[in-house]
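Below: one structure, written as structure tokens.
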Amino acid sequence: MNYWLMKSEPGELSVDDLAELPGRRVGWFGVRNYQARNFMRDQMRCGDLAFFYHSSCAVPGVAGVVKIVREAYPDPTQFDPQSPYFDPKAQGSSPRWFQVDVELVKKTRLVPLSELRAQGALASMRIFQRGNRLSITPVQPEEWNNVVRLAESAPRADV
DNA sequence: GCCAACGTTGGC
DNA sequence: GCCAACGTTGGC
């Protein structure tokens, strides 16, 4: 079983949006980076857990926990000319982009990026590595446990 | 809006 | 296969 961090822009899909969806599930469409795609396609398995991370917003940070409930299958938006994620090079016979389905396990308090950064034990996380921009990154079990503990603790006012 | 970092594209 | 140009990401 693996742990992950998956970024979503709350303007597109927030943790509250996910909580309102049928079954609290969504297909993780729109990933257009090969490395992130490969993580989904080759390594994500049903039962894996991931942090739902809010990015490109006023307070980026961990907002919830989701579970992988369906393994990789073709992302339909790549074939939809109306979609901003349309990829004219994708062929139905050999899809280029994949998605998994995730289900909300629970919302957490919003753990801001600044608070994660203030934890020395989390310095190893991929989101803190130089120039990291991947929307999906693996999380080590120890990192996972540390962030979960942080999410369950009282918010800090000083970061 | 800025900008650093890095991925992708395409001519050669 | 190289590499310059361009596009995107994402925190600030």
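Because the structure is a prediction, the values reported are computed rather than measured. Naming convention: chains lettered A, B, ... in sequence-line order (proteins, then strands); numbering from 1 in each chain.
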Requested in this report: Take atom CD of A:Glu115 and atom C1' of C:dG11, then tell me their distance rounded to the nearest Å.
Outcome: 17 Å
Query raised in the report: Please give, in whole Å, the distance from C:dT9 C1' to A:Arg126 CZ?
Result: 16 Å
Query raised in the report: Taking 4.0 angstrom as the limit, do A:Asp87 and A:Arg96 come out as a salt bridge?
Result: yes
For residues 52-59 of chain A, which side-chain N or O atoms pair as donor and acceptor with protein atoms under 3.5 Å away, sequence neighbours left out?
residue	atom	partner	partner atom	Å
A:His54	NE2	A:Val15	N	3.1

Report task. Could you tell me the separation between the NE2 atom of A:His54 and the P atom of C:dG11, rounded to a whole number of Å? Result -> 12 Å
Report task. Scan side-chain atoms only and decide if A:Thr77 and A:Asp80 contain a donor-acceptor pair under the 3.5 Å cut-off. Result -> no
Query raised in the report: Is the backbone N or O of A:Ser153 less than 3.5 Å from a side-chain atom of A:Arg109, with the two atoms forming a donor-acceptor pair by type?
Result: yes
Query raised in the report: For the ring pair A:Tyr34 and A:Trp97, is the centre-to-centre distance below 6.0 Å?
Result: yes
Requested in this report: Take the protein atom CD of A:Gln129 and the nucleotide atom P of C:dG10, then report the distance between them rounded to whole Å.
Outcome: 15 Å
Query raised in the report: Rounded to the Å, how far apart are A:Leu113 CG and C:dT9 C1'?
Result: 14 Å
Query raised in the report: Given C:dT9, is OP1 or OP2 found less than 4.0 Å from the side-chain N or O atoms of A:Lys7?
Result: no
Can you tabulate the close N/O pairs, meaning under 3.5 Å, that link protein atoms to atoms of nucleotides 4-8 of chain C?
residue	atom	partner	partner atom	Å
C:dT8	O2	A:Arg133	NH1	2.8

Donor-acceptor pairs under 3.5 angstrom involving side-chain atoms of residues 19-31 of chain A: please list them, not counting sequence neighbours.
residue	atom	partner	partner atom	Å
A:Arg24	NH2	A:Leu104	O	3.4
A:Arg24	NH2	A:Val105	O	3.4
A:Arg25	NE	A:Glu103	OE1	2.9
A:Arg25	NH2	A:Glu103	OE1	3.0

Query raised in the report: NA contact type, A:Phe128, heavy-atom cut-off 4.0 Å: base, sugar-phosphate, or nothing?
Result: nothing
Query raised in the report: With sugar-phosphate meaning primed atoms plus P, OP1 and OP2, does A:Arg32 contact a base, only sugar-phosphate, or nothing at under 4.0 Å between heavy atoms?
Result: nothing
